[in-house]
Amino acid sequence: MRLHRNLVYTTIDSLNAIFNEGEYADKVVARALKKDKRWGSSDRKFVAETIYEIVRWKRLYAEIAEVKEPFDRENLWRMFAVWAVLRGYPIPDWKQLEGTPERKIKGRFDELSKVRALKESIPDWMDELGVKELGEKVWATEIAAQNQPAKVILRTNTLKGTKENLRNTLMDLNIETEYLKDQPEALVLKERANVFLTDAFKQGLFEVQDANSQLVAGFLDVKPGMRIVDTCAGAGGKTLHIASLMENKGQLIAMDLYESKLKQLKLRAKRNGAFNIEYRIIDTTKVIKKLHEKADRVLIDAPCSGLGVLKRNPDAKWKLKPEFIDNIRKVQAEVLESYSKIVKPGGKLVYATCSVLPSENQEQIEKFLKTEIGKQFTFIKDRKILASESGFDGFYMALLERKNAVIAE
């Protein structure tokens, strides 16, 4: 087990782009992995995992290394040295790693790990908010779970085949998967692999989608032939799942504020063989008004803090600000009030977020049900899913039904 200079240099360059130039970790990692065609799978694995690890533990490593932002290259090397020592790598005699104080690093790690915000490497405000909303005990286990690397979960595209066939196809490519209990379309990768390079992916046999994210479309109680509106479709992971549950029968309207996201969804839908989707950009309020009381089912996959998906997006810990969360709660309330009017009497609505905060979840539903439009809905059920309990992303989903109009005699 030794460090290779070219891999470490790429890691340092990537950390500089993420920490100092504000780039997103997933984009930076994707670019880094294309840097050298000669790299084997273990080289690429080292680069990707090391970048994500140092991003995930940024605050803790910076404290141990005694460096402060903005990090110059010397600071980044010091943080890398902390990572290497804590991971048990022998420190090579490179100029940048000269004088690495191995015993001091281990001692500071033990000492700083007594403070939760440092141990879990999160901003103080996030730690305080988590305790306030979930309580000390639940938050402590939840944030620890959010620091575990995310597993790769596939969702079988049932428009093109079965889970069993997909598993066999991947097995032929030496990609081993396991079934997931109570998840009809999910397969879990035993080991990380770049599944996007496979012909099975290019042919649209599956999408990569977290196990708990896969529960949302099922929660909506979708049937073929319905008219369904996905109001915050984005790049469309859940839209494509709904399309497969509809068996391409009926009308699925995918809406979003951003045309670029819907363009991405169009490409994915083509690959998936999902052809019952219509695309509408929400550029005026008329787009919503035209659909009032027209849909059997409406999904509001609301914008949120993303505090349920930190294991997947560790750099979000450093990009999120408390004022963003205050603002997003207002947006959630507005979106619920506006988009719920699309549900026809007798139709159903699902409000979902990838947050674990009650203020973004059940409290939003409670407030909504007291509004004028909200009084026309009945609460049916909800699910609060913590990463610490499920092993996957944190999610919330609530199912509401619009009351049938009372006909005057």
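Values reported hereafter were calculated over all heavy atoms of this structure, with side chains retained and with hydrogens, waters and symmetry mates removed. Only a predicted model underlies this, so the values are computations on that prediction, with no experimental measurement involved.
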Kindly list each side-chain donor-acceptor pair under 3.5 angstrom involving residues 130-144, sequence neighbours excluded, with atom names and distances?
residue, atom, partner, partner atom, Å
Glu133, OE1, Ser359, N, 2.9
Glu133, OE1, Ser359, OG, 3.2
Glu133, OE2, Arg329, NH2, 3.4
Glu133, OE2, Ser359, OG, 2.6
Glu136, OE2, Arg116, NH1, 2.7
Glu136, OE2, Arg116, NH2, 3.0
Trp139, NE1, Asp127, OD1, 2.8
Thr141, OG1, Lys137, O, 3.4
Thr141, OG1, Val138, O, 2.9
Glu142, OE1, Ala387, N, 3.2
Glu142, OE1, Ser388, N, 2.9
Glu142, OE1, Ser388, OG, 2.7
Glu142, OE2, Gln146, NE2, 3.3
Glu142, OE2, Ala387, N, 3.0

Can you name the residues that form a salt bridge (Lys or Arg N to Asp or Glu O under 4.0 Å) with [X], not counting sequence neighbours?
| X | result |
| --- | --- |
| Lys270 | none |
| Lys190 | Glu176 |
| Arg383 | none |

| field | Pairs where residues 314-323 contributes a residue and the test salt bridge (Lys or Arg N to Asp or Glu O under 4.0 Å) is met, not counting sequence neighbours | value | Asp315-Lys319
| said: I'd like to check the side-chain hydrogen bond (donor to acceptor under 3.5 Å, both in side chains) partners of Gln251; sequence neighbours left out, ordered by chain and number. | reply: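 side-chain hydrogen bond (donor to acceptor under 3.5 Å, both in side chains) check on Gln251 returns Arg227, Glu278.
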Cut-off 3.5 Å, no hydrogens considered: what does the side-chain donor-acceptor table look like for residues 10-21, sequence neighbours left out?
residue, atom, partner, partner atom, Å
Thr10, OG1, Asn6, O, 2.9
Thr10, OG1, Lys35, NZ, 3.3
Thr11, OG1, Leu7, O, 2.9
Asp13, OD1, Arg73, NH1, 3.3
Asp13, OD1, Arg73, NH2, 2.5
Ser14, OG, Thr10, O, 2.8
Asn16, OD1, Asn20, ND2, 2.7
Asn16, ND2, Glu21, OE2, 3.3
Asn20, OD1, Phe71, N, 3.4
Asn20, ND2, Phe71, O, 2.6

What pairs with [X] under ring-ring contact (aromatic ring centres under 6.0 Å, His included), at least two apart in sequence or on another chain?
| X | value |
| --- | --- |
| Trp39 | none |
| Phe368 | Phe377 |
| Tyr9 | Trp77 |

Sequence neighbours left out, cut at 3.5 Å: what donor-acceptor pairs do the side chains of residues 51-63 make with other protein atoms?
residue, atom, partner, partner atom, Å
Glu53, OE1, Arg87, NE, 2.8
Glu53, OE1, Arg87, NH2, 2.3
Arg56, NE, Asn147, O, 3.4
Arg56, NH2, Lys311, O, 2.7
Lys58, NZ, Glu69, OE1, 3.2
Lys58, NZ, Glu69, OE2, 3.0
Arg59, NH1, Ile122, O, 2.8
Arg59, NH1, Asp124, OD1, 2.9
Arg59, NH2, Asp124, OD1, 3.4

Side-chain donor-acceptor contacts of residues 211-225 below 3.5 Å, not counting sequence neighbours, with atom names and distances?
residue, atom, partner, partner atom, Å
Asn212, ND2, Ser390, OG, 3.0
Asn212, ND2, Asp393, O, 2.6
Ser213, OG, Gln209, NE2, 3.0
Gln214, NE2, Leu154, O, 3.3
Gln214, NE2, Gln209, O, 2.9
Asp221, OD1, Lys223, NZ, 2.7
Asp221, OD2, Arg297, NH2, 3.4
Asp221, OD2, Lys348, NZ, 2.8

